[in-house]
Engineer: 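Here it is, the structure, as structure tokens.
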Amino acid sequence: MSTVKEESIVMKDIETLYLGNLATVEFDLRLPREGKYGSKITWTSEDSRFLHDDGTVTRPKYGIGKRTVPLRASFQYGGCVKEKVYEVTILEEENNIQVSRIYPTRLKAELGRMFYLPAVAVVETVEGEVISHAVDWEQGEERFLEEPGFFMIKGVLKDTTIPVMAEVLVAAKLDRETIDTASAASSFPAGAVILKDGSAFKTAQDRSLAFLKKVNDDQMLYNFRAAAGMDTRGAPEMTGWDSPDCLLRGHTTGHYLSALALCYAATGDEDIKRKAEYVVASLEECQLAFASKPEYHAGFLSGYSEEQFDLLEKFTRYPEIWAPYYTLHKIFAGLLDCYRHLGNSAALAIADKLGDWVYHRLSRLPNRVLKIMWGMYIAGEFGGINESLAELYTITHKPEHLAAAKLFDNDRLFVPMRAEIDAIGGLHANQHIPQVIGALKIFQATGEKEYYDMARFFWQAVTGAHTYSIGGTGEGEMFRQPGRIGEYLSDKTAETCASYNMLKLTKDLFAYNPAAEYMDYYERAMFNHILASCDHQPTGGSTYFMPLVPGGAKSFDVTGNTCCHGTGLENHMKYSEAVYCYDESTLYVNLFVSSALHWKERKVRLTMDVDGHNPGNVTLRVEGTGDFVLKVRRPYWSGAGSRMEINGRQADMAADSAGYVSVSRNWQSGDEIKLFFDCRLRLEATPDRKERVSLAYGPYILAALSEAKSYLRLPLREESLQESFVKETGPHGFAFRYVEDDLLFIPLADVFHERYHVYVERV
């Protein structure tokens, strides 16, 4: 037990320690390890992206804004330990950009009609980085030209004297190019596909179901009732990012609604349906309570007041405000999911009013204000609210809802995407992926081709040059420059939310072009990131980042209510969404997950069994009769020795141009298709550091279990891989032991609290 003297020494050290001006930090901090009177001091930063435990400072990039990081000091003398938290505000870097190239800015305008110059130009720096940079145009961004022809308009890169030119073609009439929005393949409703017991996917789904049943609905409603001046019914306060003093409060409730809707669709559990209906009815009461107060505008609904929306319009930065339209999107999405999966008309009515509120709020703002808002780091993050508004429009057919969706067009992302330039390096990954999903939803609502083209190019850019072997993207929440993968293997890689949204985008793009490349990526991210992200206990916990640093360990957010906790509530109810797809004459088998499909329109059932010990062995069985084409994805990992049998007879395994093996026949009950995909160990190297590789087996990325904090250096060669490892039985099927060092490799999804290595160095 500490003495009075020990406590006195600690308190004197706390009182006398001075770290300098922590309100405007630009340089590394000197953090003493011992106080003036002898206390030992241990330092812990709560955001190592900007401030390390040793005091090293990494200033936020220009354009991101300053960041305030809590720095925790633990003072110990003898048996007395006390803590103090210092708020360290780190200033963003100055704009010292040096440009080697400015990409052409070209646009078309209609004669005699107002148009706006883009808020950004795409530039390449002398370091070879391609980014979008804000522009100040001479006489502003608003233009009205009354003569046809070509016009050159001058500007400069913001906060520089570097000149920029825009070439404008003015024509008498401009029509946006449109294309057919009819999908080429459709997803089955969730209830049509049932996961089979025994697979890791079903186990994760069951854990999520058990957790959702335990959630206190009144606690989820606490912030909304409190903000609306209603009785909180004795419920405990929310915690973490949803606590009453947190600026993001309310977002988890939106995710929770989506999770309940998805869960009911996947399981048919009536308790889950009742919970969803209760939350929706309660939110309707809150919306009515807000409407009765003169300080609120009609239709508003949130877990806080309208203040953050007011401050955003004044360009208040994060962390003074925190992404109010992001939180609003989660509420929107939850309501629309309840309408879609439960047929809940009250949920649609709430969303309808909320959509009107958004339109009336934003339609009065100048274009310049909107573009600045959406380009702001975190503060202007709006999730996929453009997706929700476009979806709402397809239901209500109110032009205001479509107009509201388009008001979220973000030049910082959309301008380079329209030109098919990868300029996402330096952007917050999960701030921008949902915006692209929204662009695709606007295409679905309007047929405007440019929105589809942007979404398609963005997907190609991310999956082609910004993705780790597990399918995740981003480091420290940020996209890095193309191909920079091996350089960024840290404890803050692959935010789970980003993969959640990339899977949504992938599934939606597949509907228009059912090609194997989409489902190859979908499989990679679903099997190796999403499945690996959940707690192995029914706590609802999920990973925020998936550490890919040597000797990394998973950390599961159970009470923090982070963004990834929110998407994590939904993730494990979505496993059946893309396993199968169909059109009038075709059944697609996209993912190899043990499951049962009921194709009601065809009165056909299909069961799939996947060998847990060898994921390349898949059996499909047909019940019912019908003449249709069965298309089975030939996975990227299947070797030349793959083969297929239909009712015991060898069949052609050649894949078509889309990467699918097609079998057309009049199917009969009892027909059996056996697939033997050649499944072997292989290495996947990072594009920038060829010596850094992941070991993979079929669809699974394997992790080496090791406490080592430096890269494991192994003499791995493709030609001798099969002989270097011994296959064993693992937690959910298989594992591989590296004979020479007695190292065990297991699927990343099987790792729980063990330290692991997804990347090793081959020597």
Engineer: Verify the distance criterion only: is there a donor paired with an acceptor across the side chains of N96 and Y62 at less than 3.5 Å?
Structural biologist: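 Looking only at side-chain atoms, Y62 and N96 do not form any donor-acceptor pair under 3.5 Å.
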Engineer: Determine yes or no for a side-chain-to-main-chain donor-acceptor pair under 3.5 angstrom, with S388 supplying the side chain and I385 the backbone.
Structural biologist: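 No: the side chain of S388 does not pair with the backbone of I385.
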Engineer: Do we see a donor-acceptor contact under 3.5 Å between the side chains of D356 and H401?
Structural biologist: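 Looking only at side-chain atoms, H401 and D356 do form a donor-acceptor pair, the distance falling under 3.5 Å.
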Engineer: Are the side chain of D28 and the backbone of V57 linked by a donor-acceptor contact shorter than 3.5 Å?
Structural biologist: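 Yes, D28 side chain to V57 backbone: donor-acceptor pair under 3.5 Å.
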Engineer: Any side-chain donor-acceptor pair under 3.5 Å between T559 and T239?
Structural biologist: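 Distance-only check fails for T559 and T239.
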Engineer: Show your reasoning for whether salt bridge (Lys or Arg N to Asp or Glu O under 4.0 Å) applies to E477 and R49.
Structural biologist: CA-CA 10 Å; E477 298 187 354; R49 293 172 298 172; 3.4 Å; yes
Engineer: Is there a donor-acceptor pair under 3.5 Å between the side chain of Q431 and the backbone N or O of I378?
Structural biologist: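 Answer holds: yes.
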Engineer: Quick check against the 3.5 Å criterion: does E141 have a side-chain atom that pairs as donor or acceptor with the backbone of A119?
Structural biologist: no
Engineer: Looking at R225 and Y222, would you say the former's side chain and the latter's main chain have a donor-acceptor pair under 3.5 Å?
Structural biologist: no
Engineer: Verify, without hydrogens or angle tests, whether D242 (side chain) and T252 (backbone) share a donor-acceptor contact under 3.5 angstrom.
Structural biologist: yes
Engineer: For the residue pair F408 and Y325, is the inter-centroid distance of their aromatic rings smaller than 6.0 Å?
Structural biologist: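 For F408 and Y325, the ring centres are under 6.0 Å apart.
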Engineer: Closer than 3.5 angstrom, by distance alone: can the side chain of T493 be matched with the main-chain N or O of L548 as a donor-acceptor pair?
Structural biologist: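 Looks like yes, one N/O pair under 3.5 Å.
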Engineer: Less than 3.5 Å apart, any donor N or O on the side chain of S542 or H565 sitting next to an acceptor on the other?
Structural biologist: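 On atom types as modelled, these side chains do not qualify, holding no pair under 3.5 Å.
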Engineer: Going through the checks in order, is the salt bridge (Lys or Arg N to Asp or Glu O under 4.0 Å) test met by R480 and E487?
Structural biologist: CA-CA 10 Å; R480 301 300 174 178; E487 181 181 349; over 6 Å; no
Engineer: Strictly under 6.0 Å, is that where the ring centroids of Y488 and Y468 end up?
Structural biologist: no
Engineer: Will you find, in the side chains of T506 and W459, an N or O donor that is under 3.5 Å from an N or O acceptor?
Structural biologist: yes
Engineer: Are the side chain of K406 and the backbone N or O of A390 linked by a donor-acceptor pair below 3.5 Å?
Structural biologist: no
Engineer: Can you tell me if H466 and D422 form a side-chain donor-acceptor pair at under 3.5 Å?
Structural biologist: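 Side-chain D/A pair, H466 to D422: present.
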Engineer: Are side-chain N/O atoms of T396 and D352 paired as donor and acceptor at under 3.5 Å?
Structural biologist: no
Engineer: With a 4.5 Å limit on heavy-atom distance, are the side chains of L19 and Y86 in contact?
Structural biologist: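 Side-chain contact under 4.5 Å: yes.
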Engineer: Are side-chain N/O atoms of E570 and H255 paired as donor and acceptor at under 3.5 Å?
Structural biologist: yes
Engineer: Side chain of R72, backbone of V85: donor and acceptor closer than 3.5 Å?
Structural biologist: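 Absent.
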Engineer: Could you please spell out the steps behind the salt bridge (Lys or Arg N to Asp or Glu O under 4.0 Å) verdict for R59 and E26?
Structural biologist: CA-CA 7 Å; R59 293 172 66 183; E26 299 178 77; 3.6 Å; yes
Engineer: Pairing donors with acceptors under 3.5 angstrom, does anything connect the side chains of Y500 and E495?
Structural biologist: no
Engineer: Regarding Y256 and K275, is there a side-chain donor-to-acceptor distance under 3.5 Å anywhere?
Structural biologist: yes
Engineer: Verify the ring-centre separation between Y326 and F382: is it less than 6.0 angstrom?
Structural biologist: no
Engineer: Examine the side chains of S74 and K82 and answer whether a donor and an acceptor come within less than 3.5 Å of each other.
Structural biologist: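 Distance-only check fails for S74 and K82.
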Engineer: Out of D53, D54, V88, which one pairs with S45 under the side chain to side chain contact (heavy atoms under 4.5 Å, CB included) rule?
Structural biologist: D53
Engineer: Any chance the rings of F290 and W357 have centres within less than 6.0 Å?
Structural biologist: no
Engineer: Test your reading of the model: is there a side-chain donor-acceptor pair from T467 to the backbone of V462, 3.5 Å cut-off?
Structural biologist: yes
